[in-house]
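Only one structure is covered here, and it is reproduced in the block below.
Hydrogens, waters and symmetry mates are skipped; everything else that's a heavy atom, side chains included, is used.
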Amino acid sequence: MKLEHIGIAVKNLKDSDQLFEQIFGQPSYKVETVASENVSTSFFQVGESKVELLEATDEDSAIAKFITKKGEGIHHLAFEVEDIYAEMKRLEGEGFQLINKEPKKGADNKLVCFLHPKSSNGVLVELCQEIKK
């Protein structure tokens, strides 16, 4: 398991892209809309990991609710796994609460599943596995 990306909730993706482009000295490599999550995303490669900026596309989305409650900032930590089904089963067996019982298609060609923050010290943890083509 390795850190795949850090997800950051933002109010305005275009403005935040410009800000993080200045920080990292490079543009994002991908902008993508994930309709199932009601977000637009932008990815920056930073060493072996990535930073994902997330902007809500709907006021009822999880990102919109997060920003309303907590403001902009770190939303989740994502870890790349070899077998998302096995990791979900293992973690659930260890007592972690899964937000979704089946992985779903996420951004950047990944299958994703989330651990509820109540079971992981207040941190939203995302498991992700690249979808094989």
Side-chain angles (χ1 to χ4, degrees):
M1 190 179 300
K2 74 170 193 169
L3 180 66
E4 208 280 336
H5 69 266
I6 298 169
I8 301 174
V10 301
K11 291 179 183 176
N12 184 296
L13 193 60
K14 184 178 178 184
D15 291 347
S16 295
D17 260 355
Q18 292 173 350
L19 174 74
F20 281 88
E21 185 173 324
Q22 289 178 307
I23 292 170
F24 299 133
Q26 63 184 9
S28 69
Y29 71 86
K30 178 188 249 183
V31 175
E32 179 179 355
T33 297
V34 183
S36 63
E37 297 297 318
N38 294 312
V39 296
S40 289
T41 66
S42 179
F43 284 91
F44 290 85
Q45 186 72 45
V46 183
E48 292 185 20
S49 299
K50 301 171 191 161
V51 171
E52 176 189 29
L53 305 180
L54 302 114
E55 175 191 51
T57 58
D58 185 277
E59 63 187 32
D60 290 328
S61 74
I63 293 299
K65 291 174 184 175
F66 177 89
I67 289 174
T68 298
K69 185 175 180 180
K70 298 184 178 185
E72 293 179 294
I74 294 176
H75 179 259
H76 67 270
L77 298 178
F79 296 93
E80 183 175 19
V81 298
E82 291 292 321
D83 182 341
I84 196 165
Y85 294 95
E87 284 301 314
M88 289 172 68
K89 183 177 180 181
R90 181 184 73 79
L91 290 166
E92 192 169 36
E94 294 284 337
F96 291 91
Q97 182 182 348
L98 303 176
I99 291 178
N100 45 308
K101 296 295 183 185
E102 291 291 324
K104 54 188 173 179
K105 187 170 182 342
D108 206 25
N109 194 42
K110 303 280 192 275
L111 283 177
V112 301
C113 172
F114 291 90
L115 302 182
H116 198 289
K118 289 180 182 175
S119 66
S120 52
N121 284 357
V123 177
L124 180 62
V125 174
E126 177 183 1
L127 304 176
C128 59
Q129 175 186 329
E130 185 150 1
I131 296 171
K132 307 290 187 220
K133 294 181 181 181

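Note that the SG atom of Cys113 and the OH atom of Tyr85 stand 10.0 Å from one another [nearest 0.5 Å]. Separating the CD atom in Glu72 from the CD1 atom in Ile8 is a distance of 10.0 Å, to the nearest 0.5 Å. Annotation: the span from Glu4 atom CD to Glu130 atom CD amounts to 8.5 Å, rounded to 0.5 Å. In this structure, CG on Asn12 lies 11.0 Å from CG on Leu19, to the nearest 0.5 angstrom. One distance of note links CD of Gln18 with NZ of Lys14; it measures 6.5 Å at 0.5 Å rounding. Met88 contributes atom CE, which lies 9.0 Å from atom CG of Leu115 (distance to the nearest 0.5 angstrom).
Across Leu13, Leu54, Ile63, a single residue satisfies side chain to side chain contact (heavy atoms under 4.5 Å, CB included) together with Thr41, and that is Leu54.
Classification of Asp108 and Lys50 as a salt-bridged pair holds, one side-chain N sitting under 4.0 Å from a carboxylate O. Salt bridge Glu92/Lys89: absent, no basic N to carboxylate O contact under 4.0 Å. A salt bridge does not link Glu55 with Lys11: every distance from a Lys NZ or Arg NE/NH1/NH2 to an Asp or Glu carboxylate oxygen is 4.0 Å or more. Salt-bridge annotation for Glu80 and Lys110: absent, with no side-chain N of the basic residue lying under 4.0 Å from a carboxylate O of the acidic one.
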Side chain to side chain contact (heavy atoms under 4.5 Å, CB included) between Val31 and Phe43, worked out: CA-CA 7 Å; Val31 175; Phe43 284 91; over 6 Å; no
Glu59 vs Lys65, salt bridge (charged side-chain N to carboxylate O under 4.0 Å, His left out): CA-CA, chis, key distance, verdict: CA-CA 7 Å; Glu59 63 187 32; Lys65 291 174 184 175; over 6 Å; no
Verdict with reasoning, Asn100 to Phe114, per side chain to side chain contact (heavy atoms under 4.5 Å, CB included): CA-CA 7 Å; Asn100 45 308; Phe114 291 90; 4.1 Å; yes
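Between Asp17 and Ser42, some side-chain heavy-atom pair lies under the 4.5 Å cut-off. In this structure, the side chains of Leu124 and Ile99 come closer than 4.5 Å at one or more pairs of heavy atoms. You'll find the side chain of Leu127 reaches within 4.5 Å of the side chain of Leu91, heavy atoms only. The closest side-chain heavy-atom distance from Phe20 to Leu53 is below 4.5 Å. A heavy-atom distance below 4.5 Å is not found between the side chains of Cys128 and Leu111. A heavy-atom distance below 4.5 Å is not found between the side chains of Asn38 and Asp60. Inter-residue side-chain proximity for Glu52 and Phe44 is flagged as unmet; no heavy-atom pair is nearer than 4.5 Å. Residues Ile131 and Lys105 form a side-chain contact, since some pair of their non-hydrogen atoms from C-beta on lies under 4.5 Å apart.
The two atoms that bring Gly73 and Phe66 nearest to each other are O-CE2, 4.0 Å, heavy atoms only. The minimum heavy-atom distance linking Lys30 with Glu32 is given by the pair CD-OE1, 3.5 Å. Summarising the geometry of Ser119 relative to Gly95, their closest heavy-atom pair is CB-O, 4.5 Å, with the distance given to 0.1 Å.
Using a 4.5 Å cut-off between side-chain heavy atoms of Ile, Leu, Val, Met, Phe, Trp and Tyr, with links allowed through other members, Tyr29 and Ile6 fall into different hydrophobic clusters. Residues Val51 and Val10 share a hydrophobic cluster, clusters being chains of Ile/Leu/Val/Met/Phe/Trp/Tyr side chains in contact below 4.5 Å. Follow the hydrophobic side-chain contacts under 4.5 Å out from Leu77 and you never reach Val112; the two are in separate clusters.
Formation of a donor-acceptor pair under 3.5 Å by the Ser61 side chain with backbone atoms of Asp58 is found in this model. Within the 3.5 Å criterion, the main-chain N or O of Gly47 finds a donor-acceptor partner in the side chain of Gln45. When atom types are taken as modelled, the side chain of Gln129 and the backbone of Ile84 share a donor-acceptor pair closer than 3.5 angstrom.
Side-chain contact of Glu126 with His5: a donor-acceptor pair under 3.5 Å is present, judged by distance alone.
Surrounding CG of Leu3 are more than 12 heavy atoms belonging to other residues, nucleotides or ligands, all under 6.0 Å away.
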